[in-house]
Engineer: 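Dropping a structure here in structure tokens format, bear with me for questions.
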Amino acid sequence: MKRLSFDPARCSLCGACALACSLSRCGRPEPAESRIRIECAGPDEPLRSAVCAHCEQPACVSACMRGIIEKDEKSGLVTRRWENCFACGACAVYCPVGASSQEPSKKAFTACDLCGGDPLCVAVCPSGALRFEEDAEGSARRRSAYAGRFFGSGGDKAQERPGLPSQADWERIASAVGGRLGVAVDPESLADACSRQRKAWEEEGM
Amino acid sequence: MDACFDILIIGCGAAGSSAAFAAKKTSPALSVCVLGSEDLPVYSAPALPDLLSGELSREGVFVRERSDYESAGIVLRLGETVRAIDPERREVHLESGEALRYGELILATGSQPIRLRRMQGTDLPGNFVMKSMADVDAMAAYGGSRAVVVGSGAIGLEGSMALKARGFEQVTLVEALDWLSPKSLDKETSDELAAVLESFGVEVLTGEAVQGVLGETRVTGVRTAKRDIPCDLVLWGIGMRPDVELAKAAGIPLGQLGAIRVDERMCTGLSHVYACGDCVESTDALTGKPAVHLFWEPAQRGGSVAGANAAGADEVYQGSLAVFLTNKGGLSILALGKTAREITPEERVILQEKRDGVFRRLLLEDGYLAGVQTVGSLADADLLCAVLKRNAERSNGWSLAVPVPEECRCSVRDVMRFLRRQRRG
Amino acid sequence: MSETFNDIPWRRQEDLDAYAVRRNVPVWIGGKKVIADRVVKTCCPHNCYDTCGELVYVKDEKVIKIEGDPAHPITKGHLCLKGFANVQKINSPDRVKYPLLRTGERGEGKFRRISWDEAMDWMVDKIQSIQKTYGPEAILEYCYSGNREHMAKAVAGRLWNLMGASKLVGSFCLLSGVAGSVGCVGSQYTMDPQVWADHAQTLFLVGRNCTATNPHIFPFLYRAKERGATIIVVDPYATGVAAKADIHLRPRPGTDGALALGMIHWILAQGLEDKVFIAEKTTGFEELAAYVKEWTPELTERVTTVPKEQIIRTAEILAKTDAMFETGYGQQRYSNGHQTQQALACLAAVCGSFGKPSANYDCISGMAFPGITGFANGAAVSAPKGADIPKTRLVNIAAVARAVHEAQDPPIKGILSYRGGLISQQPDVDYTIEAVKKLDMFVTIEQFMTDDTDYADLVLPACHYLEQYGVHPSYWHNWHQILVPVCQPPYECVPDAEIFAQLGRRLGYEAYFPRETSGLDWCRMLVGEQCDFDAIVSPNGPARNPEKWCPEVPYQTFDTPSGKFEFHSSLLEERGKRFAGHYDPLPVYYEPDESVEATPELAKKYPINIISQHPSFRTHSQYYNLPWIREIEGEARVFLSRKDAEARGIRDGDKVRIFNDRGQLENITARVGIRLKPGVAEMSSGMWVKLGGSVNKLTKLVPAGPRDILAEDGILTEYDPLLDGNTGSYFNTLVEISRMEEQPWK
Amino acid sequence: MEVRQQRILYIDPARCMGCRACETVCKLENDLPAGPRYTMVTEAETGEGETEKLNFLPVPCQHCGDAPCVRACPTGALHKREDGVVLTDRRKCVGCHECLWACPFGVPQFASDGRMSKCTMCVHRLDEGTLPACAANCPAEAILCDTVENISRILRERYGKTVFCGPFADRLNGEAAR
């Protein structure tokens with residue numbers, strides 16, 4: 001199955017993924033409403049993505065006391081009938097990657113559903129750090145990128161953490177999100193949210 | 001001829017049901033039968049307080065429908081009580097007299113609530129436990145407006161909140177020991193919890209052992225060492241006990257804690273017999289010691305390991321965590337790992353904070369995070385849980401456990417920042 | 001018997017345990033120890049330089065593991081990726097298991113299972129009715145190198161001879177180069193690589209993508225390189241071996257001959273030639289010297305596009321150092337291929353690179369055609385004593401489609417095909433398919449449902465090479481191992497030789513195909529007295545072929561008419577007096593049949609010269625159907641230069657269309673990069689037509705080589721493979737490439 | 001604690017010529033279907049004009065000293081053996097893919113059962129004293145499996161001589177060894 005593949009080396013920490021995700025959830029660029037979170041422990045620290053991996057042996061499925069989380073054998077997706085969630089929080093405690101969280105606008109604990117097969121976060125990611133691909137594809141791409149770095153065939157750039165999105169990038173991201181959701185999205189508000197987030201990290205000393 | 005199943009499962013709760021589905025998934029060609037003593041397919045016992053409060057409908061409590069078993073090819077026989085197991089002949093004898101033959105047997109007999117039968121008045125109408133749907137139905141039918149809840153485990157806490165939500169005017173939570181949930185919480189955390197409960201109108205009495213139930217024909221009150229509390233009903237939440245009668249009679253070895261002893265593959269001491277759920281003694285993931293964890297998650301996961309292995313797979317159950325978790329109607333509490341009393345004072349560092357209405361208490365042992373207690377939010381629960389599990393493996397040669405550096409042991413915030421950084425790289 | 005083994009009364013059951021090197025051998029499979037019943041030594045008979053020694057582990061008559069034979073002095077226990085994939089191939093659920101008779105139209109691929117008896121009846125009936133209506137020469141075999149061993153071909157040859165069928169001759173792979181080489185040198189030899197590895201100062205490799213076709217040469221190359229030798233590679237394509245070279249010359253496709261002439265010019269101009277060797281061991285030097293006068297570095301650069309500095313530098317290294325010439329076959333897959341090889345041989349001679357342990361010339365070992373050189377006694381098998389064998393017409397495999405289209409008196413009406421992918425491997429696929437459709441009988445013996453089987457009337461279940469006997473001396477190194485079956489054939493698969501023997505018996509030649517003759521007997525008959533046969537049959541072997549056939553340091557003498565190396569080839573000159581074609585005694589350069597220079601008008605329409613290498617993933621059309629191989633190789637790809645891609649708006653990974661007047665390929669993945677210079681593209685050969693990636697949809701039927709066999713429609717009465725030799729001129733193909741409208745990612 | 005000699009799989013990129021035999025010998029040794037690729041030969045194009053060339057690098061598990069996959073695995077399914085081999089306990093794997101996101105080399109593979117598996121340095125062979133299948137077979141002798149010290153020695157032996165011989169400069173100056 002195709003899954004969200006995250007390449008920490010290519011992430012600029014711009015937060016476009018979380019902003020887009022939250023826009024699709026609650027109409028506001030509000031990272032707390034996002035089902036994907038890029039965790040950052042510091043400027044030079046490795047990044048990690050906290051997003052549902054649709055595990056093969058999902059801890060959330062056995063944790064869920066309502067039996068509303070299921071592993072769909074056909075599609076490979078971990079699905080949630082979150083309308084029936086009574087928010088016990090067990091899925092959040094047991095999830096090994098921290099992908100399950102209580103969405104403020106819902107009573108329920110939710111996790112990424114891959115937007116039904118066309119993830120918005122991937123569509124907006126300006127640096128290609130997030131992709132929607134088969135494991136084999138992702139593995140082969142990483143291996144080839146490594147060889148590129150090893151032999152120095154244009155791989156040097158790939159080793160540096162990419163820069164933050166430009167104004168033009170934010171406009172492209174805004175139009176991609178807007179186009180998908182059928183609403184107008186102000187690129188300024190995205191850029192603002194991004195800088196607010198970064199400020200918060202700075203204050204946290206990260 | 002006797003009915004014969006490749007895999008026979010006794011118990012249709014979380015463990016039994018997940019064992020059945022896991023077995024079918026592993027090996028669809030095998031015949032699988034589940035016996036349930038209640039006439040109901042698996043439902044969520046942890047959701048019973050919500051059924052009681054009225055927040056959930058009856059239908060909402062069920063985890064699976066009868067038709068789910070059918071479409072998976074599992075034979076479901078409900079309302080069947082097992083009289084005995086004959087491991088020699090690989091047979092199970094039902095109350096009805098019927099004998100069922102099995103290839104592999106999985107015991108998922110669950111647990112029973114502890115009742116103080118010898119205490120005065122505990123046999124009166126108005127005494128309740130909350131283990132089964134029938135218990136909740138009975139309580140709902142009984143009615144009343146004043147309740148005493150005895151015990152401050154999950155049933156006690158959630159039960160008192162549920163009764164309040166159901167509209168009871170007076171709900172009194174009585175705990176014999178000095179503070180609430182003393183097995184899982186330190187006094188400081190318990191005080192936070194008590195404050196939350198009281199803000200919802202639940203009266204909390206600690207250090208008061210119940211001495212008897214008052215009433216002639218039905219419950220009219222509860223007597224403690226300090227007072228008589230008038231009430232219409234008593235909800236007992238003083239603990240659960242693994243149901244091991246069948247196993248014991250069949251000669252299946254029990255562990256030191258009195259539950260069925262299983263290995264990491266969920267095999268019991270008898271060949272062709274697996275066990276899972278509340279009735280087993282497994283390993284505590286943090287201490288590595290034998291433990292009886294009567295929660296949903298270990299039952300569900302242990303069930304699928306038992307089911308898969310019975311069907312020919314080779315899965316392991318890596319033990320479970322003693323998770324104290326309640327997240328209901330504004331009451332949010334999580335406790336993991338050790339409490340202060342379980343760590344020697346010389347090795348102990350305790351950090352505590354309350355920020356933005358969230359109470360968080362972290363316990364370090366020898367510099368390693370060893371216990372967590374929070375009230376008011378489940379944020380970072382996964383991180384804390386992951387760190388605790390990792391630290392538990394610190395005796396392994398290749399352990400990745402890292403102590404919190406001295407300079408970070410000043411505040412909860414510093415520790416959290418360090419842990420976040422540790423998680424990756 | 002189990003359902004994977006059906007008893008066929010006439011299929012031989014032998015005691016294969018006799019071949020075991022070891023018995024009850026523990027072996028790891030997927031981290032578990034398994035006890036193999038036996039390990040058998042054999043060799044790989046694919047069309048490849050290396051002819052690797054193999055140890056095959058068998059359990060319950062199933063191949064469970066293959067390893068290289070560590071005792072093999074050349075291949076040293078190493079195999080290529082295909083070697084291991086044979087475990088997947090031989091056990092593949094997709095194998096043809098039973099005889100299948102066509103039920104749909106040709107090309108539809110609809111069949112029904114029949115019994116071997118029915119299949120034999122059907123063939124006998126068809127063959128006899130064709131013979132009756134048209135005459136015996138209306139029947140033709142089609143056979144190439146899928147399993148390149150010689151024994152079954154000789155047994156089949158016996159049948160064709162007895163029947164008086166048309167006889168298949170030639171090759172479409174390397175004979176034009178051989179003709180150019182034989183013309184100058186005479187008999188062909190190769191020097192053991194360990195000899196040059198220890199002595200050569202320069203390695204000169206031309207048209208040889210060793211990664212794919214000769215991986216076992218690398219340890220020897222590295223030994224030489226790490227000793228300080230210089231490696232020079234000539235290839236338009238940036239191959240794996242080019243990556244290890246000190247100098248990589250990238251001529252325009254088809255101009256390798258010009259490159260050699262330019263180097264000879266420079267060497268002579270500088271007086272660097274080996275004057276002693278030329279004086280003592282060659283003839284015709286003056287004629288060559290006069291001809292190369294025009295090949296100045298400037299002209300050579302203009303023709304080949306190789307910078308003249310590189311040409312000069314290379315020429316000087318070759319002349320001043322002890323240079324080992326290892327020429328491949330890529331450079332001769334153009335209509336001027338024989339001239340190219342002739343020029344390379346002349347370059348080697350000018351440098352004195354003959355007859356020395358440090359400096360010699362390898363084109364191909366005569367062991368490639370043991371029946372022609374006399375090592376193998378081909379006649380003993382195919383022309384049995386006492387039989388009445390009529391002289392028949394010959395059909396050249398390099399023009400077989402033309403022959404089928406054009407043959408008269410009689411027409412070709414029945415083809416029995418084995419060990420070759422007729423449709424995917426012959427140039428101009430559509431023309432070949434039209435030819436096949438004209439047949440009354442097209443029988444294929446196949447392991448899998450290929451392009452050919454789709455058009456066949458009858459498909460017979462073939463044996464994997466590990467399930468049959470064979471004789472396959474290497475055409476590169478000089479070590480020999482007889483192929484023995486390592487396990488019983490599964491299902492209703494039958495070794496090729498036994499199919500022909502049974503067909504022969506059914507056609508009335510019982511006396512010539514005795515039931516008791518085993519594959520090993522046929523092999524023994526074929527090899528004859530030239531070597532100690534028993535020493536090369538598992539558990540023995542491999543052994544070096546006798547000096548007579550493979551001198552340790554060859555080319556101390558030459559067996560040309562003059563007894564010397566002939567810069568001016570008398571053999572070609574004489575042959576040219578008898579046959580039409582291009583028998584030039586000198587290595588005169590002329591442009592390939594189709595190229596930007598030869599056909600400038602066509603090049604305006606189709607400016608890209610597409611070449612097709614043999615990829616390491618497959619031997620020709622074999623192996624792509626295996627999951628392991630397909631996973632590695634991926635979809636059909638075309639490599640092109642950045643400049644050509646940019647000009648066409650093609651980005652790396654885009655789907656493109658490749659086309660010319662002969663056909664087109666669609667949805668080919670473009671790989672843009674440095675592998676080719678502008679104006680050249682590459683697409684590996686051998687991909688199946690039905691999978692959409694056969695480059696032969698674009699190639700043209702123009703056999704390279706001195707003899708113009710198209711003038712004779714490929715139907716000959718006399719043929720000398722060593723001097724008339726032909727090769728498919730696959731690489732002189734011009735195409736245009738465009739980006740597809742539809743891209744998968746949109 | 002006494003640290004056992006650390007064993008590594010070393011690829012000599014100067015020798016790998018891209019034949020990919022390591023890929024199928026690995027499939028056979030480990031009985032793998034198409035899907036999981038314990039090793040994969042990658043190609044990289046470098047240079048411009050005359051220096052343009054192809055480079056090859058097989059990428060099996062690097063068995064990192066401080067393996068990011070081991071750190072990233074939330075279930076403890078990965079560990080590093082005393083001799084340096086990074087191994088997976090597939091029974092503990094839940095298929096969360098954290099190891100793949102963490103691995104800089106794209107090594108972790110996922111079989112049809114969704115759990116991670118990867119190159120084991122053929123521990124079953126190592127423990128019997130034989131080389132991993134890929135190293136034993138490599139026709140170019142480009143894959144080495146040994147201790148760092150021994151590999152260093154092999155490489156010095158391989159390339160030391162070349163330095164002193166010089167590729168061809170002195171011979172071009174008329175001092176042909178002929």
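From a predicted model like this one, the values you see are computed outputs, not experimental measurements. In what follows, every chain begins at residue 1, and chains take the letters A, B, ... in the order their sequences are listed.
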Engineer: Testing the basics here: between D/Pro139 and C/His78, what is the closest heavy-atom pair and its distance to 0.1 Å?
Structural biologist: CA-ND1, 3.5 Å
Engineer: Distance from D/Met17 atom CE to C/Thr239 atom OG1, nearest 0.5 Å?
Structural biologist: 11.5 Å
Engineer: Using modelled atom types only, decide if a donor and an acceptor are shared between the side chain of D/Asn137 and the backbone of C/Leu79 within a distance under 3.5 Å.
Structural biologist: yes
Engineer: Would you say the side chain of C/His248 lies within less than 4.5 Å of the side chain of D/Lys53, judging by non-hydrogen atoms?
Structural biologist: no
Engineer: If you count heavy-atom pairs within less than 4.5 Å of chain D, which of C/Arg250, C/Lys356, C/His216, C/Lys76 leads?
Structural biologist: C/Arg250
Engineer: So which heavy atom on D/Cys19 is nearest to which on C/Pro215, and how close?
Structural biologist: CB-CB, 4.4 Å
Engineer: Against chain D, label C/Ile217 side chain, backbone, both or neither, depending on which of its atoms sit under 4.5 Å from a heavy atom there.
Structural biologist: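 Interface part for C/Ile217: neither.
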Engineer: Which answer fits C/Ser616, side chain, backbone, both or neither, if we ask what part of it has an atom under 4.5 Å from a heavy atom of chain D?
Structural biologist: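 Contact with chain D involves the side chain of C/Ser616 alone.
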Engineer: Using 0.5 Å steps for rounding, measure from the CD atom of C/Glu67 to the CD atom of D/Glu29.
Structural biologist: 8.0 Å
Engineer: Chain C: which of D/Thr120, D/Val123, D/Asn30, D/Leu54 shares the most heavy-atom pairs with it under 4.5 Å?
Structural biologist: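 Ranked by contacts with chain C, first place is D/Leu54.
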Engineer: Check this for me: does any side-chain nitrogen of one of D/Glu128 and C/Lys33 sit under 4.0 Å from a carboxylate oxygen of the other?
Structural biologist: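 Result for this pair is yes, salt bridge flagged.
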Engineer: By a 4.5 Å heavy-atom criterion (distance strictly below it), what part of C/Gln88 contacts chain D: side chain, backbone, both, or neither?
Structural biologist: neither
Engineer: May I have the step-by-step check of side chain to side chain contact (heavy atoms under 4.5 Å, CB included) for D/Glu23 and C/Leu81, ending in yes or no?
Structural biologist: CA-CA 7 Å; D/Glu23 295 204 38; C/Leu81 77 166; 5.9 Å; no
Engineer: Which heavy atom in D/Pro13 sits nearest to a heavy atom in C/Lys244, and how many Å separate them?
Structural biologist: O-NZ, 3.1 Å
Engineer: For C/Lys643, is the NZ atom crowded, meaning more than 12 foreign heavy atoms sit under 6.0 Å from it?
Structural biologist: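 Result for NZ/C/Lys643: open.
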Engineer: Out of D/Arg15, D/Glu141, D/Glu45, D/Lys27, return the one with the most heavy atom pairs under 4.5 angstrom to chain C.
Structural biologist: D/Arg15
Engineer: Considering all heavy atoms of both residues, which atom of D/Leu32 and which atom of C/Trp628 are nearest to each other, and what is their separation?
Structural biologist: O-NE1, 2.8 Å
Engineer: Measuring heavy-atom distances to chain C, does D/Cys16 have an atom under 4.5 Å in its side chain, in its backbone, in both, or in neither?
Structural biologist: backbone
Engineer: I'd like to know whether C/Ile632 forms a side chain to side chain contact (heavy atoms under 4.5 Å, CB included) with D/Thr24, so could you lay out the CA-CA distance, the side-chain angles of the two residues, the decisive distance to 0.1 Å, and finally the verdict.
Structural biologist: CA-CA 9 Å; C/Ile632 297 172; D/Thr24 54; 4.0 Å; yes
Engineer: Between D/Thr46 and C/Ile674, is there a side-chain heavy-atom distance shorter than 4.5 Å?
Structural biologist: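 A side-chain contact under 4.5 Å is absent here.
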Engineer: Side chain from CB out, backbone as N, CA, C, O: work out which of these in C/Arg630 comes under 4.5 Å of a heavy atom of chain D, or both, or neither.
Structural biologist: neither
Engineer: Relative to chain C, which segment of D/Ala14 carries a heavy atom at a distance below 4.5 Å: side chain, backbone, both, or neither?
Structural biologist: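 For D/Ala14, backbone heavy atoms alone lie under 4.5 Å from chain C.
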Engineer: What part of C/Lys65 is in contact with chain D, defined as an atom under 4.5 angstrom from a non-hydrogen atom: side chain, backbone, both or neither?
Structural biologist: both
Engineer: So, taking the atom named CG in D/Asp12 and the one named OH in C/Tyr222, what distance separates them when rounded to the nearest 0.5 Å?
Structural biologist: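 Output value for this atom pair is 8.0 Å.
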Engineer: Please look at D/Ala142 and chain C and tell me whether the side chain, the backbone, both or neither of the residue comes under 4.5 angstrom of a heavy atom of that chain.
Structural biologist: neither
Engineer: Does any backbone or side-chain atom of C/Val87 lie under 4.5 Å from a heavy atom of chain D? Answer side chain, backbone, both or neither.
Structural biologist: side chain
Engineer: Under a 4.5 Å heavy-atom cut-off, does chain C meet the side chain of D/Cys122, its backbone, both or neither?
Structural biologist: neither
Engineer: I would like to know whether C/Arg675 and D/Glu43 meet salt bridge (charged side-chain N to carboxylate O under 4.0 Å, His left out); could you show each step before the answer?
Structural biologist: CA-CA 11 Å; C/Arg675 288 176 212 230; D/Glu43 299 178 356; 2.6 Å; yes
Engineer: Got a sec: does the CD of D/Glu48 have more than 12 other heavy atoms crowding it under 6.0 Å?
Structural biologist: no
Engineer: For the NE2 atom of D/His124 and the NZ atom of C/Lys32, what is their distance to the nearest 0.5 Å?
Structural biologist: 11.5 Å
